[in-house]
Trainee: 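My questions all concern the structure below.
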Protein chains: 4
Amino acid sequence: MAAKALAQQTTREQDRRRTILRAAVEVFSKKGYHGCRIADVAREAGVAYGLVYHYFKNKDELLESVFTSGWSGFVERLTEQASKSTTFEDRVRGVVGVAFDAYKHDPRGVKVLILEVGRSPSGGAVNRGSAFSDVIRLASLLFQEAKEKGHLKADMDPLLAATMLFGAIEMGLTAFVLGLLDRKDDSVLDRARDQVAETFLRGVVPAGTAQDPTSRAGQANPAVRSKQTWTSSKSPTKSRAQRRA
Amino acid sequence: MAAKALAQQTTREQDRRRTILRAAVEVFSKKGYHGCRIADVAREAGVAYGLVYHYFKNKDELLESVFTSGWSGFVERLTEQASKSTTFEDRVRGVVGVAFDAYKHDPRGVKVLILEVGRSPSGGAVNRGSAFSDVIRLASLLFQEAKEKGHLKADMDPLLAATMLFGAIEMGLTAFVLGLLDRKDDSVLDRARDQVAETFLRGVVPAGTAQDPTSRAGQANPAVRSKQTWTSSKSPTKSRAQRRA
Amino acid sequence: MAAKALAQQTTREQDRRRTILRAAVEVFSKKGYHGCRIADVAREAGVAYGLVYHYFKNKDELLESVFTSGWSGFVERLTEQASKSTTFEDRVRGVVGVAFDAYKHDPRGVKVLILEVGRSPSGGAVNRGSAFSDVIRLASLLFQEAKEKGHLKADMDPLLAATMLFGAIEMGLTAFVLGLLDRKDDSVLDRARDQVAETFLRGVVPAGTAQDPTSRAGQANPAVRSKQTWTSSKSPTKSRAQRRA
Amino acid sequence: MAAKALAQQTTREQDRRRTILRAAVEVFSKKGYHGCRIADVAREAGVAYGLVYHYFKNKDELLESVFTSGWSGFVERLTEQASKSTTFEDRVRGVVGVAFDAYKHDPRGVKVLILEVGRSPSGGAVNRGSAFSDVIRLASLLFQEAKEKGHLKADMDPLLAATMLFGAIEMGLTAFVLGLLDRKDDSVLDRARDQVAETFLRGVVPAGTAQDPTSRAGQANPAVRSKQTWTSSKSPTKSRAQRRA
DNA sequence: CATGAATGAGTCTTCATTCAT
DNA sequence: CATGAATGAAGACTCATTCAT
């Protein structure tokens, strides 16, 4: 009986905690890391201000938890998927699938991860950059293995390949997050998913097209002016000083 | 004489302005958008506190200028490059090259763009998200044209292709920004540049490998449990409430 | 039977109450009046958070109880002692003795009284300042009586004499509380006790020393500069504003 | 010219700083250490909230400065006085005089020092307890010297003597601070000053009174019940639990 | 133009107090 | 009686922005 009561207590606490976490994701996805105020989270969760501090030590820990819980779930499913698939290509498709499915089920959450993970400068309680790096390093093992079996081009760096895969995925999702692509129905999402995977595997050029032999690699890019940085061009906005003229 | 004096004045103003802008980039790349205080920028630029407000209306405009000036230079060079190249493949390589060269010349500035552009929630004076979208849309024209000429796979969405290209580029650079890849010398950077372009064009799978016919597209991904969001897993950090147990 | 149960209940309640009070003294002597949180008291007492509020209306009442109970015990013993002693000098020694014995038996409690009684600005539920005044006024009666019997110097104000007595006692104990004097063993304490009493009675100057006739009383102190307050000297710490220079 | 401007600047800053410090003393003496809010200080000083933080790093530093500046001025005058006086007795009178004069000129400031110095539990930025101890140790040198010259009773501990002197002074002033003695005019204050000094030097007992031989020292005080602490008596205030009965 | 002192609104965080179980 | 989750008011601190010199 006491055990049951305790269990219920624990469950209720877990629920509360999850409610607040969920609310944080919500506010977060709307206002971003720094625009997110504790007061907003509390209101969104429908709890009192102080209760947030009952469940999370401070703002940083709350936000950290948002990342950690979201990211760990993603990594978990990623690992699960990788172990399930058989061929290299299916594994790649599986990885892409996990990411897109995550977005299908929880676009807000994915938005938060995409817009924030690895973006904040180091200094937060937990090193989010490393969380990101970890996943890439993990994926690079997959490519390493594939390379040894000849399923990957010989001159390809596994780490860079992994990086690119996630880059393509991330940007594919970003297109939806930013509203560049509209998520009318799941079919659009599914099609994008497949395309990302296939492009990564076989490229955008139709099979059989001969490779351009002239400018393969190492070309110095003449378009870039040395000694000039990208801030050298004038801003189009007018400052007070400029308005004077 | 007066004209000359005025011109010098103006030049000095321009210099000041650029100095501050440059300082903003510096502080920015170190502390991020929100961790950056006006005082920091002023100190970095070696000017008085209030002077920043003489050249920029407010913090937002300063940050906006940082983005705009950096981004417009990038877009400019991108356009220039696109018009110069001849074949589709070279254009793609050119786009990748412009991005990597920018990083080579001004890693700090690129870091700022990568870590912040499109990450801040809409609400700033200028919609940075749209700046980003604009470039992608611009690039998609290139893919549209290529598609019509048969240089692009028939079932490929030009917009999505453009998105993926920038995704791969961005993530490739992110690998350097985050320190995942070490920028010992330019050759590492150059190799990465080439690999990003080639992968995008022809994929990671060696030419001649038969395509896996069974799981091409539209497969439902069985690994994803419906009705479960990514925040459902418990956070490993202990809250005050949890510590009780 | 029910009566016995009730009595036991009551006893248990009393115990609880005393436990909490004791814990409050403990926390108090460590963290001081304002650094003391209800949570700390509860933890120290080993009871639940809310239970403190079952026994004490609020924090103020708890603190008030700490003072009152401690103080009333002290006053009680003081009165008892005063009525027991016979000669004036013994009464003085008795008063000093009660104070030092209290410290011997409960240094923590005395520390709290010394460091807090009369220090808090009036405003608490009970006027602790008045509690203090009451004791002094009580003692002044003793001096009044002594004066009438010629046991006290004729030009001595009884109220001021009483004040000084407690001042010497308090500061003597403060020396221990602050660690200025080390309470290795009770003999140090006993010696201090005797010295306080004797000094108060006969002064620090050896008997028979002629009194300095020139500067007895009423001398204007030339060392004090008029119109200058004690905050006029510069603080050695540097402010942000000062660091500028 | 520039130098003059700078000097003026500096002076103005100093003034501001002093104004705030002065305001802090004011608020402080009214509300005590912890009741003192930055907002109050700012209002009292007639400056904006944030300006307090321009001159003082944080609340602690402000309060610390209040103590330090006040205390250092006091110590300074004390030292000055000690070096000026000639005989031991005059030195003692001088020390007492400095304290009483300080009160005459700035009762508020002295109140703050009396009520707070050495009372707060250690933990503040600066160790106020040690500031207090330092003065006592300093004074004990004076007594040490006097003892060697035979101006102090042979069985008297110099450190304890110093402690008692300040105890008598402090409590004498406390009598005024608490309103026990009314500071109608300076004569009351002057009389108290003289009495404190003389009592310390020669005691309260009229010269020529024989010393009570029976109960000089070392007597165990039978009035104190062993094993019983001063919190054992019941508080007269009623708790919720007690009200039940 | 340049300077940096002055302003004060906006947030985080703490903690006394209440109350449902 | 006992518990500790829930509440929210209070106050410290930051920092963008203004303005007098």
Side-chain angles (χ1 to χ4, degrees), chain A residues 5-6 8-9 12-13 16-17 34-42 46-60 62 240-241 244, chain B residues 9 12-13 16 34-42 47-62 239-241 244, chain C residues 9 12-13 16 34-43 47-62 239-241 244-245, chain D residues 5-6 8-9 12-13 16-17 34-42 46-60 62 240-241 244:
Chain A
L6 179 64
Q8 281 193 331
Q9 276 295 116
R12 184 159 296 177
E13 274 178 19
R16 282 286 210 201
R17 196 185 160 84
H34 290 275
C36 162
R37 285 163 297 165
I38 295 290
D40 293 332
V41 174
V47 301
Y49 200 109
L51 199 60
V52 176
Y53 284 87
H54 191 77
Y55 288 98
F56 299 90
K57 204 168 109 257
N58 54 27
K59 190 181 176 183
D60 247 32
L62 170 60
R240 203 181 304 173
R244 178 184 57 78
Chain B
Q9 278 296 114
R12 183 162 297 178
E13 275 182 19
R16 284 281 213 203
H34 290 277
C36 152
R37 285 162 296 169
I38 294 291
D40 294 331
V41 174
V47 301
Y49 203 97
L51 200 60
V52 175
Y53 280 87
H54 195 78
Y55 288 99
F56 299 90
K57 202 172 106 245
N58 54 27
K59 191 182 176 184
D60 248 30
E61 198 199 275
L62 170 60
S239 71
R240 204 180 307 172
R244 177 186 57 78
Chain C
Q9 277 295 115
R12 182 164 297 176
E13 275 181 18
R16 284 280 214 204
H34 289 276
C36 152
R37 286 162 297 168
I38 294 291
D40 293 331
V41 175
R43 195 181 310 113
V47 301
Y49 203 99
L51 199 58
V52 175
Y53 280 87
H54 195 78
Y55 288 98
F56 299 89
K57 205 173 103 242
N58 55 27
K59 190 182 178 185
D60 248 31
E61 199 198 274
L62 170 59
S239 72
R240 204 181 308 172
R244 176 185 58 76
Chain D
L6 179 64
Q8 280 192 330
Q9 277 293 117
R12 185 161 296 178
E13 274 178 20
R16 282 286 211 201
R17 194 185 162 84
H34 291 275
C36 162
R37 285 163 295 166
I38 294 292
D40 292 332
V41 174
V47 301
Y49 196 108
L51 197 61
V52 176
Y53 283 89
H54 190 78
Y55 287 99
F56 300 90
K57 203 168 110 260
N58 55 26
K59 191 182 176 182
D60 246 33
L62 170 60
R240 204 181 304 174
R244 179 186 54 78

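In what follows, chains are A, B, ... by sequence order, proteins preceding strands, each numbered from 1.
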Trainee: Of A:Ala39 and C:Gly35, whose nearest nucleotide on DNA chain E comes first from the 5' end?
Mentor: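 First, find each residue's nearest nucleotide; the 5'-ward one identifies A:Ala39.
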
Trainee: Restricting to non-hydrogen atoms, name the atom on A:Val52 and the atom on A:Ala42 that form the minimum distance, rounded to 0.1 Å.
Mentor: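 So the minimum-distance heavy-atom pair works out to CG2-CB, 4.0 Å.
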
Trainee: Rounding to a whole Å, what distance do you find between B:Asp60:CG and F:dC15:P?
Mentor: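 Answer to the nearest Å: 16 Å.
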
Trainee: Please compare D:Gly50 and B:Lys59 by the position of their nearest nucleotide in DNA chain F and report the one closer to 5'.
Mentor: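 This one resolves to D:Gly50.
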
Trainee: Rounded to whole angstrom units, what separation is found between the CD atom of D:Glu13 and the C1' atom of E:dA6?
Mentor: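 In whole Å, E:dA6 C1' lies 12 Å from D:Glu13 CD.
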
Trainee: Using whole Å, report how far CD of C:Glu61 lies from P of E:dT17.
Mentor: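 About 11 Å, once rounded to whole Å.
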
Trainee: Toward the 5' end of DNA chain E, which comes first, B:Arg16 or A:Arg37, by nearest nucleotide?
Mentor: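 In this pair, the answer is B:Arg16.
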
Trainee: Would you indicate, yes or no, if F:dA6 has its OP1 or OP2 atom less than 4.0 angstrom from a side-chain nitrogen or oxygen of A:Tyr55?
Mentor: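 Yes.
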
Trainee: Let me confirm one number: the CG-OH distance from C:Leu51 to C:Tyr49, rounded to the nearest 0.5 Å.
Mentor: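 One finds 13.0 Å between CG of C:Leu51 and OH of C:Tyr49.
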
Trainee: Just N and O in the side chain of D:Tyr49: are any of them under 4.0 Å from OP1 or OP2 of F:dA12?
Mentor: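 Yes, within the criterion.
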
Trainee: What is the distance, to the nearest angstrom, from the CZ atom on C:Arg43 to the P atom on F:dG4?
Mentor: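 Going from C:Arg43 (CZ) to F:dG4 (P), I get 12 Å.
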
Trainee: Taking it one step at a time, do D:Leu62 and D:Lys59 satisfy side chain to side chain contact (heavy atoms under 4.5 Å, CB included)?
Mentor: CA-CA 5 Å; D:Leu62 170 60; D:Lys59 191 182 176 182; 5.6 Å; no

Trainee: From OH of B:Tyr53 over to C1' of E:dA6, roughly how many Å is that when rounded to an integer?
Mentor: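 It is 14 Å, rounded to the nearest whole Å.
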
Trainee: If we call it a pair only when both distances are under 3.5 Å in a Watson-Crick or G-U wobble match, what pairs with E:dT13?
Mentor: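 The answer is F:dA10, by the H-bond criterion.
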
Trainee: Indicate the atoms forming the closest heavy-atom contact of B:Val41 with B:Cys36, along with that distance.
Mentor: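 Closest pair (atom of B:Val41, atom of B:Cys36, distance): CG2-SG, 3.8 Å.
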
Trainee: From CG of B:Leu62 over to P of F:dC15, roughly how many Å is that when rounded to an integer?
Mentor: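 The distance from CG of B:Leu62 to P of F:dC15 comes to 16 Å, rounded to the nearest Å.
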
Trainee: For F:dA2 and C:His54 - does any side-chain N or O of the residue sit under 4.0 Å from the phosphate oxygens OP1/OP2?
Mentor: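 Negative; the distance criterion is not met.
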
Trainee: In whole angstrom, what separates C:Asp40's CG from E:dT14's P?
Mentor: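 C:Asp40 atom CG is separated from E:dT14 atom P by 13 Å.
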
Trainee: What is the base-pairing partner of F:dT21, counting Watson-Crick and G-U wobble geometry with both distances under 3.5 Å?
Mentor: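 Checking every strand shown, F:dT21 finds its partner in E:dA2, with both distances under 3.5 Å.
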
Trainee: Of all the heavy-atom pairs spanning B:Asn58 and B:Tyr53, show the shortest one and how long it is.
Mentor: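 B:Asn58 and B:Tyr53 have their closest heavy atoms at CA-CE2, 3.9 Å.
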
Trainee: Taking for each residue the nucleotide of DNA chain F with the nearest heavy atom, is it C:Leu51 or D:Ile38 whose nucleotide lies nearer the 5' end?
Mentor: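 So the residue in question is C:Leu51.
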
